Amino acid sequence: MRRIRWNPTAIIDSNENIDYLLEKWSEKAAQRFIDEVNQIEFILKQGNVDFQETEFEGVKRFVTESKLPYFTE
């Protein structure tokens, strides 16, 4: 099983997304985002994911159903 590490910027971005959803949308929308992130972490830990190449060496990404990009090194 893989280990997931969040860098400080990713943590801040995630928290800001949640704050925005709570402010502009609803608690339900924020919870959907949180649930999706938790589901993605579970998938990543299992190692059953294909990543797309990016223009940055050593950095790959995948996009979720809600079209949010996630990056990995």
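Here the structure is a predicted model, which means the values were calculated and not measured.
Contacts of Asp19 classified as side chain to side chain contact (heavy atoms under 4.5 Å, CB included), with partners at least two apart in sequence or in another chain: none. The salt bridge (charged side-chain N to carboxylate O under 4.0 Å, His left out) test applied to Glu23 returns no partner, not counting sequence neighbours.
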Show which side-chain atoms of residues 27-35 pair as donor or acceptor with protein atoms under 3.5 Å away, not counting sequence neighbours.
{"from": "Gln31", "atom 1": "NE2", "to": "Asp35", "atom 2": "OD1", "distance (Å)": "2.8"}

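No continuous path of ILVMFWY side-chain contacts below 4.5 Å connects Met1 to Trp6, so the two sit in separate hydrophobic clusters. Leu44 and Phe42 fall into different hydrophobic clusters, where Ile, Leu, Val, Met, Phe, Trp and Tyr side chains are chained together by heavy-atom contacts under 4.5 Å. Ile4 and Ile12 fall into different hydrophobic clusters, where Ile, Leu, Val, Met, Phe, Trp and Tyr residues are linked whenever their side-chain heavy atoms come under 4.5 Å apart, directly or through other members.
Atoms CD and CD, on Gln46 and Glu41 in that order, are 12.0 Å from each other to the nearest 0.5 Å. In this structure, Asn17 CG and Leu22 CG are separated by 11.0 Å, a value rounded to the nearest 0.5 Å. Expressed to the nearest 0.5 Å, how far CD of Glu16 lies from OG1 of Thr9 amounts to 10.0 Å.
With contacts defined as side-chain heavy-atom distances shorter than 4.5 Å, the pair Gln52/Lys60 does not qualify.
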